[in-house]
Amino acid sequence: MFKEIFDDIHAHNPETYLIGIWGKDGLELDKSVYLPPEADMDLIGAELAEVVGKLDNLDLDRAGFLIEYISGKLKIMVLSLNSGYFLLLVSGKNVISGKLKFYLDLKKDGILALL
């Protein structure tokens, strides 16, 4: 459903391993894997859903938020999309965050239109 959007983000950020959309209930909606990371992404997506839900409950920013986490060889980014969904992106730790965020922001409206 989101493959074309994910592929475009990946084309501009080839160090991207995985891009997906999860519900804040922990269930995966859609994902594209470009280079399988050495981690259980389904489990990470489900665990991050709990974190994202708690952040939403704090109501810190109605426009959404972006979390960036670096662990070992991976950079994990979580972008809140709306009250029900978030985007999860996994890449190499050396990916340029500003460039990646630019393309995520550029595609966010297209993603929201499909939700």
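Source: prediction; values computed, not measured.
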Any donor-acceptor N/O pair, [X] side chain to [Y] backbone, under 3.5 Å:
X    : Y   : value
K99  : H12 : yes
K24  : N82 : yes
K107 : I9  : no
E15  : G92 : no

Output the distance between atom OG (S91) and atom CE (M77), rounded to the nearest 0.5 Å.
7.5 Å
Which is it for I5 and L114 under the side-chain contact (heavy atoms from CB on, under 4.5 Å) test, yes or no, and what are the steps along the way?
CA-CA 11 Å; I5 293 172; L114 294 172; 3.9 Å; yes
Does the side-chain contact (heavy atoms from CB on, under 4.5 Å) test come out yes or no for Y69 and V78, once each step is laid out?
CA-CA 9 Å; Y69 176 73; V78 178; over 6 Å; no
Minimum heavy-atom separation for H10 to T16, with atom names?
CD2-O, 3.3 Å
Hydrophobic clustering (ILVMFWY, side-chain heavy atoms < 4.5 Å, transitive) - are M1 and L79 grouped together?
yes
With side chains defined as the heavy atoms from C-beta onward, is the minimum distance between I19 and Y34 less than 4.5 Å?
yes
Heavy-atom side-chain proximity of W22 to L81 below 4.5 angstrom:
no
Under 4.5 Å side-chain heavy-atom separation, chaining through any Ile, Leu, Val, Met, Phe, Trp or Tyr, what else clusters with F102? Say none if it is isolated.
Y103, L106
